[in-house]
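Here the structure is a predicted model, which is why all the values come from computation and not from measurement. Chain identifiers are assigned alphabetically (A, B, ...) following the order of the sequence lines, protein sequences preceding nucleic acid strands; residue numbering begins at 1 within each chain.
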Amino acid sequence: MPTATDNFFERVYQVARLIPEGKVTSYGAIARYLGAAKSARMVGWAMNGSKAKDVPAHRVVNKKGLLTGKHHFEGTNLMQQLLENEGVEIIDNQIQNLTNCFWDPTTELR
DNA sequence: TGGTTGACTAAGT
DNA sequence: CACTTAGCCAACC
């Protein structure tokens, strides 16, 4: 049943789908873009429901470029493998050259 | 109904 | 520089 919160989730999914390959963004960045700057956790929770969607949740990481959500994926290193497959260098569950790979919707998406 | 949890982030100690 | 506290808010028990 659709509710106001589903709308927020849908917005999160939509932004996540716009993330280019080889790029990543943060939960806070998406939340800020949606006007819910302080609800970064909700973005993460929304990602939890993105499993049934075509949302590249593996491109969404925390602000430090750390793959905090990798445990929610099937494998232990699936998230990392997906990102590396797109050209993102990851070491010890953390994205390297994050500045080069970071994609901020508030800046890039306008 | 109400307290705990969490894929976050910033600020404080 | 590592750990803690605080704020946020929906989902879960």
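The interatomic distance linking Trp45(A) (CH2) with dA10(C) (C1') rounds to 8 Å, in whole Å. Per the geometry, OH belonging to Tyr13(A) stands 12 Å off C1' belonging to dA7(B), to the nearest Å. Protein atom NZ of Lys38(A) is 24 Å distant from nucleotide atom P of dG6(B), rounded to whole Å. For Phe102(A) and dT9(B), the CZ to P distance is 9 Å, given to the nearest whole Å. The nearest whole Å value for the distance from the CZ atom in Arg41(A) to the P atom in dG7(C) is 12 Å. Here the C1' atom of nucleotide dA10(C) and the CZ atom of Phe9(A) are 7 Å apart, to the nearest Å. Look at CG on Leu67(A): it is 10 Å from C1' on dA7(B), rounded to the nearest Å. Nucleotide dA11(C) holds its P atom 8 Å from the CE atom of Met42(A), rounded to whole Å.
Taking atom P in both dC8(B) and dC1(C), one finds a spacing of 23 Å when rounded to whole Å. Nucleotides dA7(B) and dA2(C), compared at atom P, are 22 Å apart to the nearest Å.
Here Ala57(A) lies in heavy-atom contact (under 4.0 Å) with a base. Residue Asn62(A) is classed as a sugar-phosphate contact, given heavy-atom separations below 4.0 Å to backbone atoms only.
Taking a 6.0 Å sphere around CD of Glu84(A), one finds it holds more than 12 heavy atoms contributed by other residues, nucleotides or ligands. Counting non-hydrogen atoms of neighbouring residues, nucleotides and ligands closer than 6.0 angstrom, the CG atom of Asn97(A) exceeds 12 such neighbours.
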Step-by-step salt bridge (Lys or Arg N to Asp or Glu O under 4.0 Å) determination, Lys53(A) to Glu10(A): CA-CA 10 Å; Lys53(A) 315 275 181 184; Glu10(A) 284 298 322; 3.6 Å; yes
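For the residue pair Lys63(A) and Leu98(A), the shortest heavy atom distance occurs at O-CD2, 3.8 Å.
Between Lys63(A) and dA10(B) there is a side-chain polar atom (N or O) within less than 4.0 angstrom of OP1 or OP2. Residue Ser39(A) places no side-chain N or O under 4.0 Å from the OP1 or OP2 atom of dA10(C). In this structure, Ser26(A) does not reach the dC8(B) phosphate: none of its side-chain N or O atoms is under 4.0 Å from OP1 or OP2.
At least one side-chain heavy atom of Tyr27(A) sits under 4.5 Å from a side-chain heavy atom of Met47(A).
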